[in-house]
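Report on one structure; see the data block that follows.
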Amino acid sequence: MATHADRAQVMLRGAVDASPESPLAWALVAVMYTQQGREYDARRSFKYATSLTGNADRLNLDLAESLVHLCAEPLVAASLDLHLASTRKSNSEAPEDRAARICRARARLLAQRYPEAETLLAELVTELPGNAELAAGLGHARFAQGRYDEALEAYQQAVDADANARDATTHLRISQICTMQAEASPPGPAQQARWARARDAALLASKFEPSSTTWLTVGVACLALHATSEAEEALSEACVLNNRNSLVWAHLCLLTLKAGREGEAAEVRARSEGDAAITRSSALLLPALLTSRPACVSCTPLPTPP
């Protein structure tokens, strides 16, 4: 039975056959040979790859950067290790260059190795405090580990670093964290300020990348702020984008009931009856919503060079 490595070799062979003059394809062949312990074949492949590009120093780093978005973290790490080894030929104590560290951090984040990604990203953010992408990545790593207050600090640093950034995920995460903070706060001006911040951040997320989730988050915040018409508009947008989102239907039903529009509330409930998940969610959520504020919206052998 073919292993993952066997299938990878077949596909890599096809890539080299399709683009025989691609230095990145041959560099990847060299990395695969290195992992198999075939050092002679790895050296031959890498030598051929460098003959195609003329820039041996950047080749493995370019390969690693091209593999990051494929979530191929082991191959990214292997490519970066080869890059580091080549930079240390003249100085064995040379530190890993910043571009390689950024690439390694991004690969770890996408591989869901959050503690390791956070450690590296925290160092990089200290060195480059004006880099919005790194600060947002640090926020993602902390958010995934449930450290929301620290994540909010990193997200805010990302927004401050680039006020024109169109990163919907960062703004949505800010809104979700502020929503959780507002729900945990006692009634008063501080709570209202958190709801307002949650609404504003969700509106930005909806502007840059509208989805049922972003508009639902806007609607929840507007309901908490007693902005009924704005909440209804936001929830209607959420419903248009995904009419099977059970939380959207539950909040729409809550809104119409609180507005005294029992007929519309009954219609909303009736429209959800055909979906068991929506019906179950509404049945569980609505009683709580009617007696409290809105709930949190909570992936052949290898070729040889000629």
Measure the shortest side-chain to side-chain distance between [X] and [Y] over non-hydrogen atoms and say whether it is less than 4.5 angstrom.
X: V125; Y: N131; answer: no
X: R43; Y: K47; answer: no
X: L235; Y: L216; answer: yes

>> Is it the case that over 12 heavy atoms from other parts of the model lie below 6.0 angstrom from the CD atom of Q156?
In response: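 Atom CD in Q156 is crowded, with more than 12 foreign heavy atoms closer than 6.0 Å.
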> Where the side chain of W26 meets the backbone of T50, is there a donor-acceptor pair that is under 3.5 Å apart?
Replying inline: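 Between the backbone of T50 and the side chain of W26 there is no qualifying donor-acceptor contact (under 3.5 Å).
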> Does V220 share a hydrophobic cluster with L225, counting links as ILVMFWY side-chain heavy atoms below 4.5 Å and allowing steps through other members?
Replying inline: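 V220 and L225: one cluster.
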> Would you say the side chains of H140 and Y155 form a donor-acceptor pair under 3.5 Å?
Replying inline: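 Distance-only check passes for H140 and Y155.
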>> Going by salt bridge (charged side-chain N to carboxylate O under 4.0 Å, His left out), name the residues that satisfy it together with E237, two or more places apart in sequence or in a different chain.
In response: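 E237 satisfies salt bridge (charged side-chain N to carboxylate O under 4.0 Å, His left out) with no residue once adjacent residues are dropped.
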> Of all residues at least two apart in sequence or in a different chain, which pass the salt bridge (charged side-chain N to carboxylate O under 4.0 Å, His left out) check with E65?
Replying inline: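 E65 satisfies salt bridge (charged side-chain N to carboxylate O under 4.0 Å, His left out) with R58 once adjacent residues are dropped.
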>> Which residues pass the side-chain hydrogen bond (donor to acceptor under 3.5 Å, both in side chains) test with Q157, not counting sequence neighbours?
In response: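 Counting only residues at least two positions away or on another chain, Q157 forms no side-chain hydrogen bond (donor to acceptor under 3.5 Å, both in side chains).
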> With sequence neighbours excluded, what pairs up with I102 under the side-chain contact (heavy atoms from CB on, under 4.5 Å) test?
Replying inline: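 Partners of I102 by the side-chain contact (heavy atoms from CB on, under 4.5 Å) criterion, ordered by chain and then number, come out as R98, R106, L124, L128, L134.
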> Please, which pairs that meet ring pair (Phe, Tyr, Trp, His ring centres under 6.0 Å) have at least one residue in residues 197-220, sequence neighbours excluded?
Replying inline: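 Every ring pair (Phe, Tyr, Trp, His ring centres under 6.0 Å) pair that includes a residue of residues 197-220, provided the two are not neighbours, is H171-F208.
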>> For a salt bridge (charged side-chain N to carboxylate O under 4.0 Å, His left out) check, start with the C-alpha distance between E123 and R101, then their side-chain angles and the critical distance, and finish with the verdict.
In response: CA-CA 10 Å; E123 295 173 0; R101 290 163 59 215; 3.7 Å; yes
> Run the salt bridge (charged side-chain N to carboxylate O under 4.0 Å, His left out) check on E96 and R104 step by step: do they pass?
Replying inline: CA-CA 10 Å; E96 187 170 31; R104 197 182 294 276; 2.7 Å; yes
>> Going by ring pair (Phe, Tyr, Trp, His ring centres under 6.0 Å), name the residues that satisfy it together with H83, two or more places apart in sequence or in a different chain.
In response: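 With sequence neighbours excluded, H83 shows a ring pair (Phe, Tyr, Trp, His ring centres under 6.0 Å) to no residue whatsoever.
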